[in-house]
Amino acid sequence: MDNKFLEPYKPDQTEDSIYAAWEKDRLFTPEKAISSGLAKQDAVSFSIVLPPPNVTGVLHMGHAAMLAIEDIVVRFERMRGKRTLWIPGTDHAAIATQSKVEKLLEKEKVSKYDLGREEFLKRVERFAQESHDTIVHQIKKMGASVDWGREAYTLDENRSLAVRTAFKRMYDDGLIYRGHRIVNWDPKMQTTVSDDEIEYVEMTGPFYYLKYGPFVIGTSRPETKFGDRYVVMHPDDARYARYAHGQKVEVEWINGPVTATIIKDTAIDMSFGSGVMTITPWHDAVDFDIAERHRLDKEQIIDERGKLLPIAGEFAGMHISKARPEIVKKLEQKGLVEKIEERYVHNVATNSRGGGVIEPQIKLQWFIDVNKPITLERSNIDGIPPGSLTTLKEIMRKSVASGAIEILPDRFKKIYFQWVDNLRDWCISRQIWYGHRIPAWIPSTISIPNDPKRDNERVKVQIESPGSDWVQDPDTLDTWFSSGLWTFSTLGWPDQDSPDLKLYHPTSLLETGYDILFFWVARMILMSGYHMGEVPFRTVYLHGLVRDAKGRKMSKSLGNIIDPLEMIVKYGADATRMSLIIGTGPGSDLNLSEDKIRAYKKFSNKVWNIARFILSSTEEIDPAKRPTLSDADQRFVDEYDEIVSYVTEHISTYKLHLAAERLYHYVWHTLADIAIEERKSLLREGGDEERRSAQWSLRYVFIGSLKLLHPFMPFITEEIWKSLPEGTQPLIITPWPKT
RNA sequence: GCACCCUUAGCUCAGUUGGUUAGAGCAUUGCAUUCACAUUGCAGGGGUCGGAGGUUCGAGUCCUCCAGGGUGCACCA
């Protein structure tokens, strides 16, 4: 027996060298599984992409849980002989990374404009590289058996080609268009934000009832009202039956008399306020729609920095927040205020990526049309035959509705459909510097690229620059555009003949947090459906948030962050992994405490001691020669076989928590507490025959248990395996026990 | 407003298709421990499974309603 067993298990002294050995021997690659004989040449593929962590800093417990879950499944499938591939990577996370670097620069009292685009991007890239290195280190610490030879970055050369190719194809098909539409504008970060990135914050503030000619209109934002020349009411509203659609009314307004036009539209809620509103199409999505329907004029009131334009008269140049009280004062002086409700509760849209309060604006931007009918030439998606007419929305809906993609837990399907059905065109252009530059060029003779007066026909969309007479659109793409391509851009696309693409797409499993179901999962379904004519994955497994012991979100301000690296140092990666698996089902949040992790450290030690005992007391037997077993030993072996079936079945169906818990109890309270205890006297003073039976069965069950434990606790099981005569090949590429 | 989830031991949570006396970790009580494990073992205490109805031979599990907590989406003039 190896002398190392005379001391307690020390994860911090073994884990790194084990990982290094796995990596050096390329044991994470499907090629090695085949060459070692574990997987057959024509084995079924099992592929999965790592949800690429943002290069904005360090990994947290949520990432650790993700890595643990995925690694368990990957190791399991690899041992079962599938051609198993797990692709790692990181995400440039455009807006998140840029704002992080901007904050760092703020401390040096430098703005990105001081540096200029090029210099600023160098800073971001440096930061991204450092984050990347930290993240890679952390992924390795967790024991994740990803194929590093296939590592990808959402902004590297291959992915960039994929992005430009995808953009051009969608543009040529009319799915990507450039137009003046109302977008979510963040005046603080000076960029558009997609609908999904908006976070509504409840606020209480005054609500003003203003006299608008013969009408009373309600608003919480009097500062937007300067240009209101349309007064809208429901066509069926009896109170306003005497007003006709299109009728003109003279009203006295903030800066003098205006001619208002009556508009009848069913979008009005008759029961809200007076049932009448004026519209500000340039700064409100609903108003914009009404204006579009009736072809009304639209006028900008507020500029990109949140300041009032000349239309505001004496208030021009003021920031809206400063102007509001002044405007209200003037309205009161003119007797236009009917009443003020002081405590009105409403939701204010903010940029969830650390930006400011959203100010809708009409801007010339790039969009993906989700409702445009297109012909999908190549399609393996159930319900969408090749050559049939469909839309991106329908692709997203049918991929899940047909059962081609299974979502676990099931209840997220409803949430997914609700989102798909409410989906509007996706604004994909961002006015930030870090990211994929939009592959569109305009002639350099046009001086202002975003000038709304210029037409779109002079834009060239192509993969490479058309030449020096052309200027590239300064905008970058929403980060989710490139991550949407992730399942196939990591496999060699746009090269359709890429062997990896043929072997591993569609991927088998996508495992990620439920919080990015819309951002990412849905976008991958869209992109893969359109570009590949395939679903991107068969199964979506959604995990929950990792919270603290009391169920609170982990945050710096609460000081309740449990750092995965620190836990790995104290208790080992194996214990950390177990604590993140047991005690939670798919889709539900997990409350984690250091006590819980400590408990699984004890389990590691238990496994270690079982190894020590069994190794020292079964040294003389030959595991390959099965002796006649006593009845008790036969029952013991039978019970183990049941555990094999149970664990196998539950990992296959992604009930990892059940598999892990059962295994934990089996190893500790059956194998150790009962089986070993009962056989101790036999091992010391039993007859030859019954001693051999006891030794062999203990050894057999222990060897099998190590295999079953390996996906959950890869390090300690591999370390023990090394010291066994049975361990001729590393445990990671040893076949799974037969059921 | 629409929808979904949660409510099980002191705390934090498991409990697949309804099936014998409801489980774990931590905490707690007693005993044992020169014995693989001073990171151990054995035994115990603690639960009317949020409330009220219903279906069933049988409900923590299925259905209805109610209460509390949370989340998503919509509205937010």
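This is a predicted model, so every value here is computed, not measured. So you know, we letter chains A, B, ... as the sequences are listed, proteins then strands, and number each from 1.
- Listed by residue number, I268(A), D269(A) are the residues of residues 264-271 of chain A with a heavy-atom contact under 4.0 Å to RNA chain B.
- Looking at D633(A) and S693(A), their side chains do bring a donor and an acceptor atom within 3.5 Å of each other.
- Using a 4.0 Å heavy-atom distance criterion, V286(A) is classed as a sugar-phosphate-only contact.
- Using the six-membered ring where Trp is involved, Y664(A) and H669(A) have ring planes that are perpendicular, over 60° apart on the 30 and 60° scheme.
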Going through the distances and angles, do I262(A) and M233(A) end up as a side chain to side chain contact (heavy atoms under 4.5 Å, CB included)? CA-CA 8 Å; I262(A) 307 282; M233(A) 56 211 71; 3.9 Å; yes
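- The side chain of D595(A) has rC26(B) as its nearest neighbour among rA14(B), rC26(B), rA36(B).
- Residue T219(A) places no side-chain N or O under 4.0 Å from the OP1 or OP2 atom of rC76(B).
- Pairs of residues two or more places apart, or lying in two chains, that qualify as salt bridge (charged side-chain N to carboxylate O under 4.0 Å, His left out) and include a residue from residues 231-240 of chain A are D237(A)-R239(A).
- When side chains are defined from C-beta on, Y700(A) does not count as touching F636(A), because their heavy atoms never get closer than 4.5 Å.
- Centroid-to-centroid, the aromatic rings of H543(A) and Y541(A) stay 6.0 Å apart or farther.
- Rounded to the nearest Å, the gap between the P atom of rC4(B) and that of rU64(B) is 10 Å.
- Applying the side-chain hydrogen bond (donor to acceptor under 3.5 Å, both in side chains) definition to pairs two or more places apart or across chains, those involving residues 269-290 of chain A are K225(A)-T278(A), D228(A)-T278(A), D228(A)-T280(A), D269(A)-S271(A), W282(A)-Q361(A).
- Looking at residues 406-414 of chain A, you'll see R411(A), K414(A) sit with a heavy atom under 4.0 Å from some atom of RNA chain B.
- Salt-bridge annotation for E594(A) and K570(A): present, with a side-chain N of the basic residue lying under 4.0 Å from a carboxylate O of the acidic one.
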With 3.5 Å as the limit, what N/O pairs link the protein to nucleotides 15-21 of chain B?
unit_1  : atom_1 : unit_2  : atom_2 : d
rG15(B) : OP1    : H657(A) : NE2    : 3.0

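- Seen from the ring of F417(A), R397(A) counts as a face-on cation partner, given the 6.0 Å and 45° thresholds.
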So which protein nitrogen or oxygen atoms get under 3.5 Å of nucleotides 68-73 of chain B's nitrogens or oxygens?
unit_1  : atom_1 : unit_2  : atom_2 : d
rG72(B) : N2     : Q418(A) : NE2    : 3.1
rC73(B) : O2'    : N422(A) : ND2    : 3.2

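- Nearest-nucleotide assignment on RNA chain B puts the 5′-proximal partner with K596(A), out of K596(A) and F207(A).
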Heteroatom pairs (N/O) under 3.5 angstrom, protein to nucleotides 41-43 of chain B:
unit_1  : atom_1 : unit_2  : atom_2 : d
rG41(B) : OP1    : W668(A) : NE1    : 2.3

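- Note on R692(A) versus E620(A): no salt bridge recorded, every NZ/NE/NH1/NH2 to OD/OE distance being 4.0 Å or above.
- Distance alone, capped at 3.5 Å, places no donor-acceptor pair between the K553(A) side chain and the D548(A) backbone.
- Within the nucleic acid shown, G583(A) comes within 4.0 Å of sugar-phosphate atoms alone, with no base atom in reach, counting heavy atoms only.
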Yes or no on side chain to side chain contact (heavy atoms under 4.5 Å, CB included) for V647(A) and F76(A), after CA distance, side-chain angles and deciding distance? CA-CA 10 Å; V647(A) 171; F76(A) 168 72; over 6 Å; no
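- When the C1' atom is used for both rC26(B) and rG70(B), the distance is 25 Å, rounded to whole Å.
- A cation-pi geometry, defined here as NZ or CZ lying under 6.0 Å from the six-membered ring centre and within 45° of its normal, does not hold between R612(A) and F5(A).
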In dot-bracket form, how is RNA chain B paired, counting a Watson-Crick or G-U wobble pair only if both its distances are under 3.5 Å and using | for bases paired to another strand? (((((((..((((.....[...)))).(((((.......))))).....(((((..]....))))))))))))....
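- If you take atom P in rC11(B) and the same atom in rA27(B), they sit 16 Å apart, rounded to whole Å.
- Between the side chain of T14(A) and the backbone N or O of K10(A) there is at least one donor-acceptor pair closer than 3.5 Å.
- Between rG60(B) and rG23(B), the distance separating the two C1' atoms is 12 Å to the nearest Å.
- Within 4.0 Å (heavy atoms only), Y416(A) reaches no atom of the nucleic acid at all.
- Heavy atoms of S593(A) sit nowhere under 4.0 angstrom from any nucleic acid atom.
- When heavy atoms are screened at a 4.0 angstrom cut-off, A611(A) is found touching no nucleic acid atom at all.
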Pairwise N/O distances under 3.5 Å, protein to nucleotides 7-12 of chain B:
unit_1  : atom_1 : unit_2  : atom_2 : d
rU12(B) : O3'    : N591(A) : ND2    : 2.4

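- Considering only side-chain atoms of A672(A), the nucleotide from rA36(B), rC26(B), rC76(B) that sits closest is rA36(B).
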Name the pairs: protein N/O against N/O of nucleotides 28-34 of chain B, kept only if under 3.5 Å.
none

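- Separation of the H245(A) and H294(A) ring centroids falls under the 6.0 Å cut-off.
- When the P atom is compared between rC66(B) and rC5(B), the two are found 16 Å apart, to the nearest whole Å.
- Separating the P atom of rC73(B) from that of rU20(B) is a span of 41 Å, rounded to the nearest Å.
- Here N347(A) lies in heavy-atom contact (under 4.0 Å) with a base.
- F603(A) comes within 4.0 angstrom of nothing in the nucleic acid, heavy atoms only.
- Among residue pairs with one or both ends in residues 193-204 of chain A, those qualifying as side-chain hydrogen bond (donor to acceptor under 3.5 Å, both in side chains) are N184(A)-D195(A), S194(A)-E197(A), D195(A)-R424(A), D196(A)-W419(A), D196(A)-R523(A), E197(A)-R430(A); sequence neighbours excluded.
- Using a cutoff of 4.0 Å between basic side-chain nitrogens and carboxylate oxygens, K298(A) and E292(A) are scored as salt-bridged.
- Among the heavy atoms of the strands, none lies under 4.0 Å from T280(A).
- Remark: R221(A) engages E359(A) in a salt bridge, criterion side-chain N to carboxylate O under 4.0 Å.
- No contact: S617(A) has no heavy atom under 4.0 Å from any strand.
- Here K680(A) pairs with E677(A) in a salt bridge; the nearest charged N to carboxylate O distance falls below 4.0 Å.
- Looking at W668(A), its side chain never comes within 3.5 Å of a backbone N or O of K606(A) through a donor-acceptor pair.
- RNA chain B is contacted by both R684(A) and Y200(A); R684(A) maps to the nucleotide lying nearer its 5′ end (nearest heavy atom per residue).
- In this model, the phosphate group of rC35(B) is not approached by any side-chain N or O of K680(A) to a distance below 4.0 Å at OP1 or OP2.
- Remark: E252(A) does not engage K211(A) in a salt bridge, criterion side-chain N to carboxylate O under 4.0 Å.
- The shortest side-chain heavy-atom distance between V540(A) and L408(A) does not fall under the 4.5 Å cut-off.
- Taking every heavy atom of residues 230-237 of chain A and every atom of RNA chain B, no pair lies under 4.0 Å.
- Annotation: rG50(B) and rG45(B) have their P atoms spaced 23 Å apart (nearest Å).
- Partner of F215(A) under the ring pair (Phe, Tyr, Trp, His ring centres under 6.0 Å) criterion, chosen from Y209(A), Y243(A), W253(A), Y230(A): Y243(A).
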